[in-house]
Amino acid sequence: MAEAGAARGRAGRARRVTVVRTRGGLSVRLDVPAVVAGLVLLAVAPAAAVALIGSGDYPMTPAEVIATLTGGGDAGQEFIVQDLRLPRVLVGLLVGAAFGIAGAVFQTVSRNPLGSPDVLGFAQGSSVGALVAIVYFQAGTFAVAAGAVVGGVVTGVAIFLLAWKRGIHGYRFVLVGIGAGAMLYAMVLYLLTKANIVDATRATTWMTGSLSGRDWDQLWPLAAVCVVLVPLLLFHGRPLRMLEMGDDAASALGVRVERVRIVVLLAAVVLVAAATAAAGPISFVALTAPQLARRLSLPRFLKGAGRGAPLPGPNLLLSALMGAVLLVAADWAAQRVFGADQLPVGVLTGVLGGSYLLWLLATERRAGRI
């Protein structure tokens, strides 16, 4: 513990921090590597979105896509972009951002890089809710999305209550989540055995996770949830950073520990449920985005920065941007890399994310943290 604290302190001192002061007396501390990483991701995200909009059976150049988005395209291009491809890309950006920032919250609260919605059972809870709507009620798109939200929220509340014992502690939260995820996955298999062939096919397609066919009906509810909850989580970024120092230290600095945990966990659960309702349980984005965001903002070239260890702090905004870029890039690759066989984006993120999970486990074991 002492060595870890010393290493974290050396990493923190190695960061380039700039203080900007205004004439009114306000001052803002800018973490230079994080700002640079954020600007890079802000540039990559729209570039990836334009590339994805321009791909498909009717390819378009980036110039044609931008011209169409600004009202300069012909009627055919406007239909393809505005009605078919733009909603899909915007849903992908919002889903990726929601998974990324929610994953950062879960990993910070649990103090564990494996503490993501994929591992803790929240995605499985949303799947159970959606399958109940499909199998027993033959529900339409809106009702399936509502079932996914209800399933995810109920799962989150249940895990929170089961893990509560004079507060929420990281490893207990992770263990309860893993156990709940295993039971919920068994319920998913049970529901599939009860479905007829049509409903089972529909449920399996939804569970894979895909942006195909997404339109404005899926976009607006998710956008409304993100507009409310993402700023709320960003507002709690500083208390979350303090929580990583321990409950006693955070309390001494004025943080209402359990209140902060409850607020951010509930917000993250609703974000995950809304994103899952919009695109299905796309796996591993919530796990990988926060870790990649931390490593992207790590100044490895600075003396004392540590040997590749991620720096402390939730990096909420960077995680959201990284999640958006990852999902849009994965969707582009799923459409273009495999030729005529277009894959659901959830298949590709599952393969890549599973490989990343194995690497992360090996890294954590070598570091002696698991």
To the nearest 0.5 Å, how far apart are [atom1] in [X] and [atom2] in [Y]?
| X | Y | atom1 | atom2 | value |
| --- | --- | --- | --- | --- |
| L52 | R336 | CG | CZ | 10.0 Å |
| L240 | L316 | CG | CG | 6.0 Å |
| S127 | L184 | OG | CG | 9.0 Å |

Open item on the list: L233 and side chain to side chain contact (heavy atoms under 4.5 Å, CB included): which single residue from V263, L317, I101 fits?
Closed with: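 For L233, the side chain to side chain contact (heavy atoms under 4.5 Å, CB included) test succeeds with only one of V263, L317, I101, which is I101.
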TODO: Search all heavy atoms of R202 against all heavy atoms of Q138 and return the closest pair with its distance.
DONE: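 What the structure gives for the nearest pair is NH1-C, 4.3 Å.
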- [ ] Mind listing the closest non-hydrogen atom pair of A133 and A143 along with its distance?
- [x]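 Result for this residue pair: CB-O, 4.0 Å.
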- [ ] Report yes or no: does T349 contribute a side-chain atom to a donor-acceptor pair with the main-chain N or O of S283 at less than 3.5 Å?
- [x]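 At least one qualifying donor-acceptor pair exists.
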TODO: Please collect all salt bridge (Lys or Arg N to Asp or Glu O under 4.0 Å) contacts where either partner lies in residues 81-101, sequence neighbours excluded, each pair once.
DONE: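 Matches after skipping sequence neighbours: R88-D331.
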Open item on the list: Check the orientation of W220 and W216. Use parallel for under 30°, tilted for 30 to 60°, and perpendicular for over 60°.
Closed with: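 Correct class here is parallel.
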Task: Parallel, tilted or perpendicular: rings of F173 and F106 (30°, 60°) - done: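 Rings of F106 and F173: parallel, as their planes differ by under 30°.
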Open item on the list: Within the supplied structure, the quantity of interest is the number of heavy atoms (other residues, nucleotides, ligands) at a distance under 6.0 Å from I197 CD1; does it exceed 12?
Closed with: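 Atom CD1 in I197 is not crowded, with 12 or fewer foreign heavy atoms closer than 6.0 Å.
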- [ ] Evaluate the criterion side-chain hydrogen bond (donor to acceptor under 3.5 Å, both in side chains) for residue pair Q291 and Q107; output intermediate values, then yes/no.
- [x] CA-CA 9 Å; Q291 295 298 313; Q107 291 176 15; 2.7 Å; yes
